[in-house]
Amino acid sequence: MLNFAEQLKLIKKGTEEITPLDELIKKVEKSIKTGKPLRVKYGIDPTGSDVHIGHLVPIRKMREFQDMGHIGVIIIGDTTAQIGDPTGRDESRPPLSKEQVIQNSERYMEQLFTVLDRDKTEIRYQSEWFSKLNLLDIINIFSNFTLAQFMAHDTFRKRFDDGSPLFMNEMIYPILQGYDSVAIDADIELGATEQKFNILFGRDMQKLYNKELQVAILSPILLGTCGTRKMGKSFNNYIAVFDTSTDKYGKVMSIPDSLIMNYFNYATKVDPDEIEKIKEELVSGVNPKFIKQRLAREIVSLYHGEEEALKAEEEFNRVFSQKELPTEIDSYLCSESPIWIIKLLTDAKLCASSSEARRMIKQGAVSIDNAKISDENLQLDIEDGAIIKVGKRRFIKLQRG
RNA sequence: GGAGAGGUUCCCGAGUGGUCAAAGGGAACAGACUGUAAAUCUGUCAGCGAAGCUUUCGAAGGUUCAAAUCCUUCCCUCUCCA
């Protein structure tokens with residue numbers, strides 16, 4: 001087990017804020033003295049969306065705790081999932097069935113376990129404790145808080161101020177999340193900085209139940225590949241755990257140069273000293289492309305291994321730098337020949353509608369075996385193995401059938 | 001309960017009877033350019049074998065030659081008063 005100073009240094013690495021720090025110090029000291037591991041909490045709502053590398057920033061922190069001998073507790077928010085975290089932009093959601101919750105959370109955990117240590121992870125469902133509360137209990141809890149306390153939450157305040165709807169069920173979200181901390185005796189709760197209110201609210205809840213208070217460890221929010229907004233599904237700027245190695249590689253390469261160091265710091269396992277060196281290289285004028293390639297390799301290797309990362313790099317170079325064809329292209333079996341080009345593009349799902357297909361042709365985005373198509377009325381004779389390309393990234397190999 | 005404001009295409013938002021498939025911005029997509037899928041510039045951005053037609057402006061009815069725009073009812077949100 002690492003000693004006190006080492007643990008503290010590792011915990012502080014790459015965090016935005018630790019509140020309150022002195023309590024954390026006490027907890028770590030006590031844990032070392034008693035040999036009792038700390039319970040480190042992180043909550044997810046099993047809504048079925050993909051986990052992306054932005055979510056994994058606090059998860060990586062949890063893994064570090066696990067490596068120090070502590071316990072990671074993942075809360076499956078099967079109750080809060082019905083509400084939707086008001087912190088995000090998400091609206092209220094339709095209720096999830098039990099099967100969906102189980103299916104989603106299994107899928108979720110599969111993604112988290114690319115980072116976490118299975119043996120030191122505890123998975124808990126909110127329904128374990130919330131199914132036991134009745135209305136009176138809930139009224140009782142509510143009686144301890146005032147509206148003003150909730151309006152301290154920036155998201156609530158903002159929405160209230162600009163006249164957006166603010167639903168009662170959303171107000172209960174911090175209470176539920178805080179009660180989780182009570183139920184599992186959390187020592188520490190991890191989250192992105194936007195979770196600050198909810199996590200600190202957990203302390204209030206613990207106080208109410210005479211529990212030891214948790215410490216909030218907040219990670220920075222990872223920006224999306226667009227470079228301006230936080231990584232998230234709504235902006236389609238995320239790198240998902242389930243993305244293929246080539247997709248991950250390509251997406252990393254698409255980030256603006258200004259984000260390179262940010263990603264090195266929060267999305268890789270590269271050693272801080274090494275990162276410092278990379279930073280110097282970047283400043284000294286090394287072509288950022290090479291540094292970004294290294295970044296892309298690092299990120300891809302985390303999920304697919306080094307060999308796969310190198311393959312993804314080769315593929316990227318071939319397709320984008322040299323504009324050659326990718327090694328693997330999906331085939332499309334076509335039984336009609338000759339076939340109207342527009343119909344072919346929509347049937348093969350290269351274009352969403354025939355209007356879009358026409359547009360693509362008009363814009364010169366469609367080619368067959370590298371020959372640009374300009375005639376919307378083309379009746380194409382299907383040739384086995386002919387490659388149709390739409391834009392830069394959509395390819396299909398024709399097959400007579 | 002009373003008074004007022006509002007619900008517009010993926011998102012924000014303009015539009016108060018025909019010139020509206022609906023300004024502008026964002027997102028997205030394509031083309032050019034590039035070390036990259038960045039930035040920048042240009043273009044596209046409901047559907048239809050494309051002529052014209054069909055569907056779209058909270059929902060359902062109605063008025064009109066013509067409705068996002070007017071009327072009726074309903075649903076939803078916000079503000080103020082109590």
Side-chain angles (χ1 to χ4, degrees), chain A residues 86 88-92 151 156-170 223-240 243-263 281-282 285-297 299-300 312-324 326 336 338-347 349-367 370 372-380 388-395:
Chain A
R89 297 171 41 115
D90 299 332
E91 295 295 316
S92 313
M151 294 314 280
F156 290 148
R157 178 89 253 159
K158 223 178 263 164
R159 279 167 58 184
F160 185 77
D161 283 347
D162 67 34
S164 304
L166 194 49
F167 295 93
M168 295 303 290
N169 63 345
E170 296 182 272
L223 289 176
T225 52
C226 61
T228 49
R229 290 201 243 227
K230 83 174 222 203
M231 185 173 285
K233 191 156 203 176
S234 19
F235 304 117
N236 198 24
N237 61 0
Y238 63 98
I239 301 175
D243 277 340
T244 63
S245 54
T246 41
D247 275 349
K248 282 197 190 78
Y249 193 96
K251 284 181 182 181
V252 174
M253 290 306 285
S254 79
I255 65 170
D257 294 348
S258 57
L259 233 56
I260 293 177
M261 289 324 296
N262 193 275
Y263 274 45
E281 280 181 33
L282 200 59
V286 174
N287 188 336
K289 186 194 175 187
F290 299 125
I291 296 177
K292 208 190 280 184
Q293 283 182 318
R294 158 108 193 251
L295 174 67
R297 279 200 308 272
I299 290 179
V300 175
E313 179 159 292
E314 268 174 49
E315 185 78 358
F316 181 85
N317 287 337
R318 173 172 4 186
V319 179
F320 297 109
S321 304
Q322 285 148 45
K323 297 206 160 102
E324 287 174 19
E336 215 182 314
I339 182 170
W340 182 39
I341 182 70
I342 302 286
K343 187 169 189 317
L344 177 63
L345 291 174
T346 50
D347 284 356
K349 301 212 162 60
L350 288 168
C351 296
S353 66
S354 72
S355 299
E356 186 186 306
R358 281 169 197 278
R359 257 176 252 135
M360 289 300 174
I361 290 177
K362 229 176 270 172
Q363 297 185 121
V366 179
S367 66
N370 272 327
K372 224 166 233 182
I373 302 296
S374 53
D375 180 9
E376 294 173 20
N377 295 312
L378 179 72
Q379 295 292 331
L380 182 72
I388 301 200
K389 183 183 173 196
V390 177
K392 291 189 179 86
R393 277 182 290 167
R394 279 173 269 175
F395 299 90

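Reminder, nothing fancy here: chain letters follow the sequence lines and each chain counts from 1. Because the structure is predicted, anything quoted here is derived from the model rather than measured.
- Taking a pair to require two hydrogen-bonding distances under 3.5 Å in either a Watson-Crick or a G-U wobble arrangement, G43(B) pairs with C29(B).
- Of the candidates A32(B), A50(B), A38(B), A38(B) carries the atom nearest the P256(A) side chain, counting heavy atoms from C-beta on.
- Looking at Q363(A), its side chain has no donor and acceptor atom pair within 3.5 Å of the base of G31(B).
- Between N377(A) atom CG and G49(B) atom P the separation is 11 Å, expressed in whole Å.
- You'll find that the side chain of R229(A) is closest to G26(B), out of G26(B), A30(B), G35(B).
- Of all nucleotides listed (G31(B), G35(B), A37(B)), G35(B) comes nearest to the side chain of N287(A).
- The phosphate of G31(B) (OP1 or OP2) has a side-chain N or O of K392(A) nearer than 4.0 angstrom.
- Contacts of G163(A) with the nucleic acid, taken as non-hydrogen atoms under 4.0 Å apart, involve only primed sugar atoms and P, OP1 or OP2.
- When the C1' atom is used for both A66(B) and U16(B), the distance is 15 Å, rounded to whole Å.
- Residue contacts for K251(A): at a heavy-atom cut-off of 4.0 Å it reaches no nucleic acid atom on any strand shown.
- Across all strands shown, F290(A) has no heavy atoms under 4.0 Å from either base or sugar-phosphate atoms.
- At most 12 heavy atoms of other shown residues, nucleotides or ligands fall within 6.0 angstrom of atom CG in N370(A).
- With a 4.5 Å cut-off on side-chain heavy atoms, R294(A) and E281(A) do not count as touching.
- With hydrogens and angles ignored, no donor-acceptor pair under 3.5 angstrom links the side chain of S353(A) to the base of A46(B).
- Here R393(A) reaches the OP1 or OP2 of C29(B): one of its side-chain N or O atoms lies under 4.0 Å away.
- Here R394(A) reaches the OP1 or OP2 of A30(B): one of its side-chain N or O atoms lies under 4.0 Å away.
- C70(B) and C78(B) have their P atoms separated by 24 Å, given to the nearest Å.
- Using a 4.0 Å heavy-atom distance criterion, Y249(A) is classed as making no nucleic acid contact.
- For the P atoms, the distance linking C65(B) with A60(B) amounts to 23 Å, nearest Å.
- Nearest to the side-chain atoms of K372(A) among the listed nucleotides G35(B), A37(B), A32(B) stands A32(B).
- Comparing the C1' positions of A39(B) and A46(B) gives a spacing of 31 Å, expressed to the nearest Å.
- Using N1 to N3 plus N6-O4 or O6-N4 for Watson-Crick, or N1-O2 and O6-N3 for G-U wobble, each under 3.5 Å, G35(B) pairs with nothing.
- With hydrogens and angles ignored, a donor-acceptor pair under 3.5 angstrom links the side chain of D257(A) to the base of G35(B).
- G49(B) has W340(A) stacked on its base ring, the centres lying under 5.5 angstrom apart and the planes within 30 degrees of parallel.
- Within the 4.0 angstrom heavy-atom criterion, only backbone atoms of the sugar-phosphate kind lie near L166(A); the bases stay farther away.
- In this structure G4(B) sits in a base pair with C78(B), meeting the Watson-Crick or G-U test at under 3.5 Å.
- Between S254(A) and A38(B) there is no side-chain polar atom (N or O) within less than 4.0 angstrom of OP1 or OP2.
- Annotation: U8(B) and U77(B) have their P atoms spaced 14 Å apart (nearest Å).
- At the heavy-atom level, Q379(A) lies under 4.0 Å from base atoms of the strands shown.
- G24(B) and A30(B): their P atoms are spaced 22 Å apart (whole Å).
- Of all nucleotides present, only C71(B) satisfies the Watson-Crick or G-U wobble test against G61(B), with each distance under 3.5 Å.
- Distance noted for atom P between U79(B) and C74(B): 23 Å (whole Å).
- Pair assignment for U16(B) gives none, since no Watson-Crick or G-U wobble pairing has each distance under 3.5 Å.
- Two rings, from F156(A) and F160(A), have their centers 6.0 Å or more apart.
- The structure places CD1 of I341(A) at 5.0 Å from CD1 of I388(A), a figure rounded to the nearest 0.5 Å.
- When the P atom is used for both U56(B) and U73(B), the distance is 24 Å, rounded to whole Å.
- Counting only heavy atoms from C-beta on, R359(A) has its side chain closest to G47(B) among G47(B), G49(B), G35(B).
- Pair check for A22(B) finds none; no Watson-Crick or G-U wobble contact set falls under 3.5 Å.
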